[in-house]
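Only one structure is covered here, and it is reproduced in the block below.
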Amino acid sequence: MKKITVSAPGKLMLFGEHAVVYGHPCIVTAVDSRMFVTAEVTSSGSFELNAPDVQIKDYIKPTNEIGNGEIPKGAQFIEVAIKNVLEKYKKKLTGFSVVTRSEFSSKFGFGSSSASTVCIVKALSELLSLKLSSREIFDISFKTVLEIQGKGSGFDVAAAVYGGTLYFVTGGKVIKPLKIKTLPLIVGYSGIKADTVKLINKVSRKFDKKQKRLNQIYDDIEEIVERGRAFMLSEKWEEVGILMDANQKLLKELGVSIEKLDNMIYSASKSGAYGAKLSGAGGGDCIIALAPNSKRKAVESGIEKAGGTILSVRTNARGVKVEK
Ligand code: PMV
């Protein structure tokens, strides 16, 4: 029966995290480490899932039970996405087998859950001849992620669908590709897994009685995003670096940076980076640094000396696509 493999890229937040959850813009780039999903329509009467990266082995249930009952954590995004597509487009499956494979660890914070959600929606669009547009794939994938996580802006879903580097506003109100040829980015992994929703909640608790200051921080972040966008388009990397430092300062005030990230960022800057910041929710995951080519090696070893691992990824990667 019909079988397809689809892939989608991971992502890195360049500017605007946290503020983007509350109506402000951000800039995100897709990275060339990809998630792959192979899906096959079968006649077995059951839904089967193997997702070794998230410890799901031979998970099986009747197709008419998709989305019902207790769903193990690693299966949630794929299974709820399938349920949402079948419900919205009034389709049924005689049987369905799904296997996922990732080129990157789900610990990096590259958005493996969103990328696998986007892959399965695209796979179903092809297998059931739904001809979904990118916008439709974004909308149903974002709805799925929100149903499971409860919170989030959808920037990671947009990166997986559209690829490239995007100017993005909460919930996909604006999704605008930025034509950027190069981005001399260095990525350092902290070795610590971050919990996005916990960190979003931590910020709102911390500023419970300081709403005015919180709104001011979000407005300042928005200004950084707008200026960052212009400087990136004109390839003024030194200025982009200065804005990264300014964004990091505000993230620190939000309370989402940690000592390990601070040390990696400090070390990157001391080794000659134009600027550096955490990327994503904070609390762990990755830092990004921008450096001239002549300083790249020095910055990389600076980050390593502070305990980080360099992840060599290319930015501006292609969005979701059919592999075969
Ligand atoms: O933790 P990550 O890498 O998924 O980034 C989260 C960024 C937030 O702005 C805190 C949340 C969001 O969905 O935009």
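Remember, it's 1-based here, ligands and their atoms both numbered in the order they're listed. The basis for the numbers below is simple: all heavy atoms, side chains too, and nothing from hydrogens, waters or symmetry mates. The chain is numbered in sequence order, starting from 1.
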Should you measure from each heavy atom of [X], which atoms of ligand 1 turn up under 4.0 Å away?
X: Gly152; value: 13 (O)
X: Val20; value: 9 (O), 14 (O)
X: Gly109; value: 3 (O)
X: Glu17; value: 9 (O)

Phe142 side chain reached by Val161 side chain, heavy atoms, under 4.5 Å |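 No, every pair of side-chain atoms sits at 4.5 Å or beyond.
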
Check whether any heavy atom of Gly111 sits under 4.0 Å from an atom of ligand 1.
->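 For ligand 1, residue contact (heavy atoms, under 4.0 Å) with Gly111 is absent.
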
Polar side chain donor-acceptor pair, Lys151 to Asn201, under 3.5 angstrom |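 On atom types as modelled, these side chains qualify, holding a pair under 3.5 Å.
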
Does one side chain, of Asp220 or Gln216, offer a donor that lies under 3.5 Å from an acceptor on the other?
->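 Side chains of Asp220 and Gln216: pair found under 3.5 Å.
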
Are [X] and [Y] ion-paired here, with the side-chain N under 4.0 Å from a carboxylate O?
X: Lys2; Y: Glu126; answer: no
X: Lys143; Y: Asp139; answer: no
X: Glu17; Y: Lys277; answer: yes
X: Lys210; Y: Glu253; answer: no

Do me a favour and list the nearest non-hydrogen protein atom to [atom] with residue, atom name and distance?
atom: atom 3 (O) of ligand 1; result: Lys11 NZ, 2.6 Å
atom: atom 7 (C) of ligand 1; result: Phe155 CE2, 3.7 Å
atom: atom 11 (C) of ligand 1; result: Val21 CG2, 3.6 Å
atom: atom 14 (O) of ligand 1; result: Ser153 OG, 2.6 Å
atom: atom 1 (O) of ligand 1; result: Thr196 OG1, 2.8 Å
atom: atom 9 (O) of ligand 1; result: His18 N, 2.8 Å

From the candidates Gly282, Ala281, Cys26, the one that places a heavy atom nearest atom 5 (O) of ligand 1 |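 The nearest heavy atom belongs to Ala281.
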
Check the surroundings of atom CD in Glu238: do more than 12 heavy atoms from other residues, nucleotides or ligands lie under 6.0 Å from it?
->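 Atom CD in Glu238 is not crowded, with 12 or fewer foreign heavy atoms closer than 6.0 Å.
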
